[in-house]
Amino acid sequence: MIQLSRFLIFFFIIVFWLLLGCKNSEKVNAEVDESKAMGLSDAFVDDFYMGVAVNGRLIDGVDSLGTSLLKREFNSITPENIMKWMYIHPEEDGFDFQMSDKYVAMGQRDSSFIVGHTLVWHSQLADWVEEVSDSTEMVEVLRHHINAIMGRYKGKIQSWDVVNEALNEDGTLRESVFLKTIGPQYLDLAFRLASEVDPDAQLTYNDYNLTAADKRKGAISIVKNLKSRGIKIDVVGMQGHWNLKGPTLEEIEQSIVDYYNAGVKVAITELDITVLPNPWDLEGAEVSQNFEGDEKMNPFPQSLPDSVEQQLASRYKSIFQLFLKHREKIDRVTFWGIQDGASWLNGWPIRNRTNYPLLFDRNYSPKAAYHEVMGLKK
Ligand code: XIL
C-alpha cells in the first residue's frame, strides 16, 4: 500500500514535471519565433529604407493585420491618397488636415521615415485650382499651398515629393495647369519654396516610366536645370509601376546610374509588379475601352497559378539584386500598398480585377516573392 502511494506520488511528480517542461519549451519556442520576426526593413537596414504606401484604413487603425505587418516589415511610409491636393486643400481657403495629422502621428509612433506625397501634381487636384488662369495668382496659390502644408509638418515629414509627373513620354513638360499659367519656371518655384519652408527636408521629383530613354532625359534636365540655378533637389523618385518583363534590368540599372551621375539619389517610390494583361499592349486598345468583365483581361480571379507566382518571385529577386548592387545610390524602396488586396492595380487601368503585385497576399502572408527578396540578405 505504502509502495503504491509512493509510486503514485512519484508518478504525479513526473507528470507535473513533464507538463511544466512542455509549457516552458513552448515559451522558449515563442521567444525564438519572436526574435526571428525580422522584417524587410531589418534585413535591408544597411542598404535603404523599406517603405509602404498607407491607405485610409491603415491610418485610421482599422486594418489591424495591416498595422502589425507595417510595424514588422517597413520603416518608411507614404500616404497613398490623403495628402493629395483634392483632399488636403479642397477649397482655396480650406485645408483638411485631419487625416494627414493622423498619418504623421502614426509615422512618429513607429519612428518611420515619413514621406509627403505630393505637393504639385496635375492629377487628383482640387477643381478650384484648375480654374486659376493667371500666372501671378497661380504663384500665390503654390506659395500658400506649400507654405501651409510643409510648414505644418516641418521637421516631422522628412521627405517630400515636391513635383509629381511633370513630364510627357517624350521628355517635354506636360501641359498641366501649372505649366499653362506659370510656364516651366513653376518647377523652380515649387522646389525653391519647399527648400525655404523646410531646409532639412529631402526634396524629390517623382514620375513613372522614368526608365524610358526620352523621359529619362527629361528628368535629368529637370535635375540639371534646378541645380544650375542653385535650387535644391535631392532625389529622383522612380515610381516603379512595372510588369513581369519590363522595364528590363538594363534599363533600370542605366536609369539608376544616370540619375545618380546627375547629382541626386534615387528612390523607388511606388513599386508594384502587375501580373495581368495590359490593355496598352493590345493592338488598337485604349484604356478608355471598356474591358470590365472581360475574362481575358482578368485571368486569375481566384488565385495566382504557381508558375506565375514563381515568375513574380524571380522578377522581384533580380530587381532587388540590382538594387543591392547600387545600394549606395538608392535611398528608399517603397511598395505601393501593404498587401495584394489593397493594391490600386485591382482597379486600374481596368476596374474590378484581381491582381497580385506585392510581396504579401490577401491574407497578409508573405509570398514566394517575399522569401526570394529576404533570401538575398541571408
Ligand atoms: C493612386 C492611388 O493608389 C489610387 O488609390 C488612386 O485612386 C489614384 O492614385 N502615381 C502616383 C500615385 O503618384 O499617387 C498614384 O496613386 C499611382 C500613380
Side-chain angles (χ1 to χ4, degrees), residues 51-60 62-63 66 70 74 76-90 99-100 103 114-127 129 145 149 157 159-169 174 176 178 187 190 194 202-212 215 218-219 222 235-243 246-247 266-274 276 278-280 287-288 292 332-360 362:
V52 65
V54 293
N55 59 20
R57 299 188 67 239
L58 274 166
I59 298 169
D60 275 330
V62 294
D63 178 5
L70 167 65
F74 300 102
S76 172
I77 52 174
T78 303
E80 183 175 2
N81 283 301
I82 56 107
M83 292 194 97
K84 291 172 181 172
W85 201 311
M86 66 187 286
Y87 300 115
I88 202 167
H89 194 177
M99 287 303 276
S100 50
Y103 164 75
I114 308 177
V115 180
H117 174 80
T118 171
L119 292 168
V120 183
W121 188 27
H122 66 279
S123 195
Q124 292 179 281
L125 192 56
D127 290 343
V129 186
H145 184 73
I149 301 170
I157 290 191
S159 176
W160 279 96
D161 291 346
V162 180
V163 176
N164 198 30
E165 303 181 356
L167 291 166
N168 293 314
E169 295 309 290
R174 182 194 290 273
S176 69
F178 308 107
L187 285 141
Q202 179 186 71
L203 306 183
T204 298
Y205 173 71
N206 194 50
D207 211 329
Y208 59 89
N209 276 353
L210 284 192
T211 46
K215 211 164 175 179
I222 289 180
V235 169
V236 164
M238 296 164 60
Q239 290 185 2
H241 298 296
W242 294 337
N243 62 50
V266 172
I268 315 300
T269 52
E270 305 182 13
L271 184 58
D272 48 24
I273 297 178
T274 182
L276 298 185
N278 181 343
W280 288 293
V287 78
S288 53
E292 217 173 319
R332 168 170 59 95
V333 178
T334 290
F335 291 86
W336 206 241
I338 190 89
Q339 47 88 6
D340 286 343
S343 166
W344 73 306
L345 293 175
N346 296 302
W348 187 89
I350 300 170
R351 278 185 301 171
N352 293 324
R353 296 199 295 178
T354 309
N355 211 332
Y356 304 82
L358 301 166
L359 297 190
F360 298 93
R362 287 169 167 75

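For ligands, and for the atoms within them, numbers begin at 1 and follow the listed sequence.
- Distances from ligand 1 to the non-hydrogen atoms of Trp336 include at least one value under 4.0 Å.
- Taking both residues in full, the closest heavy atoms of Arg332 and Ser76 are given as CD-OG, 3.4 Å, listed atom of the first, atom of the second, then distance.
- Looking at heavy atoms from C-beta onward, His145 lies in side-chain contact with Trp85 at the 4.5 angstrom threshold.
- Of the protein's non-hydrogen atoms, the one nearest atom 8 (C) of ligand 1 is Gln124 OE1, 3.5 Å.
- Close approach of ligand 1 to Glu80 (heavy-atom distance below 4.0 Å) involves ligand atoms 2 (C), 3 (O), 4 (C), 5 (O).
- Of the options Thr269, Asn209, Asp272, a side-chain hydrogen bond (donor to acceptor under 3.5 Å, both in side chains) to His241 is made by Asp272 and by none of the others.
- Ranking the protein heavy atoms by distance from atom 5 (O) of ligand 1 puts Asn81 ND2, 2.9 Å first.
- Around the CZ atom of Arg174, the shell of radius 6.0 Å holds more than 12 heavy atoms that belong to other residues, nucleotides or ligands.
- Counting atoms of ligand 1 from 1 in the listed order, those under 4.0 Å from a heavy atom of Glu270 are 10 (N), 11 (C), 12 (C), 13 (O), 17 (C), 18 (C).
- Residue contact check for ligand 1: Trp121 places a non-hydrogen atom closer than 4.0 Å to it.
- There is a side-chain donor-acceptor pair under 3.5 Å between Asn164 and Asn206.
- Of all the listed residues (Lys84, Gln239, His117, His241), Lys84 holds the heavy atom that lies closest to atom 15 (C) of ligand 1.
- Of the heavy atoms in Asn55, none comes closer than 4.0 Å to ligand 1.
- Under the 30°/60° scheme for interplanar angles, the aromatic rings of Trp336 and His117 are found to stand perpendicular.
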